[in-house]
Amino acid sequence: MKTFYITTPLYYINAKPHLGHAYTTIVADCLSRYKEMQGFEVRFLTGTDEHGQNIERAAAARGITPSDLADQNSEEFRRLWSRYGIEYTHFIRTSEARHYRAASEVFRRVQQNGFIYKGEYSGWYCISDNLFAPESELPPNCEVCGRQTERVTEESYFFKLSEFQQKLLDFYEKTPDLSISRTSVKWGVPVPADAQHVIYVWFDALVGYLTGIGFGDPEDDREFRKFWPAQIHLVGKDIIRFHTVYWPAFLMAAGLQVPHKVFAHGWWLKDEAKMSKSRGNVVDPNLLLEHFGGDAVRYFLMREIPLGLDGTFSYDAVLQRANSDLANDYGNLVSRTLTLISKNFNQAIPYPSAIEGRTPQDNELEGAALATVNVYQQHMEELALSKALESVWELLAKTNRYLNESSPWSLTEDLAQRPRLATILYTSAEVIRIATVLLAPFLPESSKLVWKQLGLPSVLKSQRIAELKWGGLPVGGILGEVAPVFPRFDKKEVLNKLLDAEAKLSAPVRPELTPPTAAAATLQTLDPERVSPTPGASKISIEDLGKIDLRVGQVITAERVKGADKLLKLMVDLGTETRQILAGVARFYSPEALVGRKIIVVANLEPRKLRGLESNGMLLAASVGEDDRPVLAGFLEEVPNGAKLR
Ligand code: ME8
């Protein structure tokens, strides 16, 4: 049997899944279901990327361990996939023991082959995207998320990316070598024979595509040998470079085959920006599911934008698709055809005579159905999923027109018209059967319901698309119970409900990066002997405000204070001087998480001694939740150290 292996990115678990993650995974599910219906033996891998500084910070900010955060959020992903009918065959978590084994093994092979050396890395790094930025004097903004990068200087292992220049494209002719280990992070796969270092999170995560299907399993790596290299790594366009530059080079260096194809799709936008947790403009896929059902959302996502382009999300557009395409075009065709058969032929599929009561229109529709099967397959092979759906909808529209023109409901009383009536209804029901097979990869739940109503005993998933022929609907077959499959939504009512639910949902945020909403947080000064701001305290004059000297600082070093589990001792660069400040954040931020970070400092506070150490200033942070978790205030744009806030 031919094999097909498809992967989605392994998603970061520093936050819950949003619609963007659901999108990629649904595309992969549709493709894998399609390939299965083409007779392939399919492996479909998804999973979670759990290491790195970003996750360490997110966990610290919540006061839990990275591994607890990973457990919670990885489960959220799995639960969501099952609610959307996503049938992956493999799920890999990069914190699993089998993955540590595989990632170390690939690292070791690359090292043995002479492509790794030890040096010192000093450069700008985005901890959110785990991306190195080009060298420059001032910290550049990350090209993916736009946030300011941080200076990182540490001993590191390097991967000789330059060695693959010839094998890869011209465009990275001058690419410098790539730092592939970190010493400032602990949460990760240790470098073989040098536990001071952990493997760079992208090296680690990409190997997940191998681990998931058994690479490095000493007992049994048959799956790996059978399914690698993957046919498609499906990703968003944000992570093309990792998949098309680093990944093939890592694989070549380890002596492994490179994937056949990396396909990058576009982004869902909201308010004209990429939907992303850190921007706080995400749509909750669980909320959509509760209001529309999984299939309607799947259909909307696959149909609304061509794979590869960006698209703007709106509830209105989902409603429009659900009501007009699903309820009207498909649902209505099914219900009027099957109801007429039920009423007039005692629930049995009628016999379409080849001679009596046959018209050219019947032949034309039959031809259109078979042509659609071909066109649909061509589009699917090119990953043009929305076009494949369009082709099915053209067929449904033709069939609705055919019914309107041949008007079977006006023939029911005339016995002489029985053969004509039988032919019309058979033709329409047979188109429904063919369309339903084509729609099965997209609408796994509702297509099964239609299949049952057609009275077909076979398993829909085991139908072979390429073998679809006219006449598969058995004459005399008894229909199942006919009932509406797709609800029609009252636009106003659903929109109101959605907006209500959205308002109630205090969207979970990447705690270390996104400021919480005003309602949930007040600003606090991170004084270790903190006096909480009193709500409703009396107003102050502008002159009073002017007395507070607020400045931008950057944490240069951070360390724990012995015997004080809440305190961190920070050295903060204020532009013109470096200050020692003690901050009561140790339960929520690790020292590593703060180094390099821009903060806001109350600079003219009287110095005080705490635990025998001088503290010369205070940090500003939001205070969140019942445990008053501090979330440090910061800036999305670049600001020089020492800049005054007014
Ligand atoms: O990048 N529109 O994980 P991640 C469409 N862990 N798709 C979107 C999207 C949007 N607005 N936002 C996210 C990582 N996605 C790494 C991957 S792979 C070995 C490691 C989808 O959680 C899209 O597939 O940031 C994008 O590439 C992916 O989520 C990024 O997920």
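Please read all numbers here as calculations on a predicted model, not as lab measurements. Computation of the quantities below employed the complete heavy-atom set of this structure, encompassing side-chain atoms and omitting hydrogens, waters and symmetry-equivalent molecules. Order of appearance sets the numbers: ligands from 1, and atoms from 1 within every ligand.
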Notebook entry, point to check: Taking only heavy atoms of D49, which atoms of ligand 1 are found under 4.0 Å from at least one of them?
Noted result: 6 (N), 16 (C), 20 (C)
Check: Does Y200 have its ring centroid less than 6.0 Å away from the ring centroid of F132?
Finding: yes
Check: Between L10 and ligand 1, does any nitrogen or oxygen pair lie at a separation below 3.5 Å?
Finding: yes
Margin query: Using ring centroids (six-membered ring only for Trp), state whether H243 and Y209 fall under 6.0 Å.
Written below: yes
Note to self: Does ligand 1 come near enough to A205 that some N or O of the ligand is less than 3.5 Å from an N or O of the residue?
What the structure shows: no
Next item on the list: Would you mind listing which atoms of ligand 1 come within a distance below 4.0 Å of any non-hydrogen atom of D238?
Entry: 26 (C), 27 (O), 30 (C)
Notebook entry, point to check: Cation over ring, K35 on F4, under 6.0 Å and within 45°?
Noted result: yes
Item checked: Donor-acceptor pair between R78 and S82 side chains, under 3.5 angstrom -> no
Notebook entry, point to check: For ligand 1, is G266 a contact, meaning one of its heavy atoms is under 4.0 Å away?
Noted result: yes
Item checked: Contact atoms of ligand 1, heavy-atom distance to G236 under 4.0 Å -> 23 (C), 24 (O), 26 (C), 27 (O)
Item checked: Donor-acceptor pair between Y299 and D325 side chains, under 3.5 angstrom -> yes
Notebook entry, point to check: Is there a nitrogen or oxygen of H21 sitting under 3.5 Å from a nitrogen or oxygen of ligand 1?
Noted result: yes
Notebook entry, point to check: Hey, is F242 touching ligand 1 through its side chain, its backbone, both or neither, going by heavy atoms under 4.0 Å?
Noted result: neither
Note to self: The test is side-chain contact (heavy atoms from CB on, under 4.5 Å); show your working for F44 and T8 and say whether it passes.
What the structure shows: CA-CA 8 Å; F44 165 15; T8 71; 3.8 Å; yes
Next item on the list: Mind running side chain to side chain donor-acceptor pair (under 3.5 Å) on Y246 and R241 for me, showing each step along the way?
Entry: CA-CA 7 Å; Y246 300 169; R241 179 183 342 152; 3.2 Å; yes
Notebook entry, point to check: If you count the atoms of ligand 1 from 1 in the order shown, which ones are under 4.0 Å from a heavy atom of Y209?
Noted result: 18 (S), 19 (C)
Check: So is R182 actually on top of Y125's ring, under 6.0 Å and inside 45° of the axis?
Finding: yes
Next item on the list: Can you sort out which atoms of ligand 1 are near L206, meaning under 4.0 Å from one of its heavy atoms?
Entry: 19 (C)
Item checked: Side-chain (H379) to main-chain (Y376) donor-acceptor, under 3.5 angstrom -> no
Notebook entry, point to check: Below 3.5 angstrom, do we get any N/O pair linking W268 and ligand 1?
Noted result: yes
Checklist line | For M275, the ligand 1 atoms whose distance to one of its heavy atoms is below 4.0 Å | finding: 10 (C), 11 (N), 12 (N)
Next item on the list: Find all atoms of ligand 1 within a distance of less than 4.0 Å from any non-hydrogen atom belonging to H18, and give their numbers and elements.
Entry: 9 (C), 12 (N), 13 (C)
Margin query: I need the contact type for K237 against ligand 1. Using non-hydrogen atoms and a strict under-4.0 Å cut-off, is it side chain, backbone, both or neither?
Written below: neither
Note to self: Between W81 and Y88, is the ring centroid distance below 6.0 Å?
What the structure shows: no
Check: Nearest to atom 22 (O) of ligand 1 by heavy atom, W247, Y12, F203: which?
Finding: Y12
Next item on the list: Heavy-atom contacts with T24 under 4.0 Å: which atoms of ligand 1 show up? List them by number with element.
Entry: 21 (C), 23 (C), 24 (O)
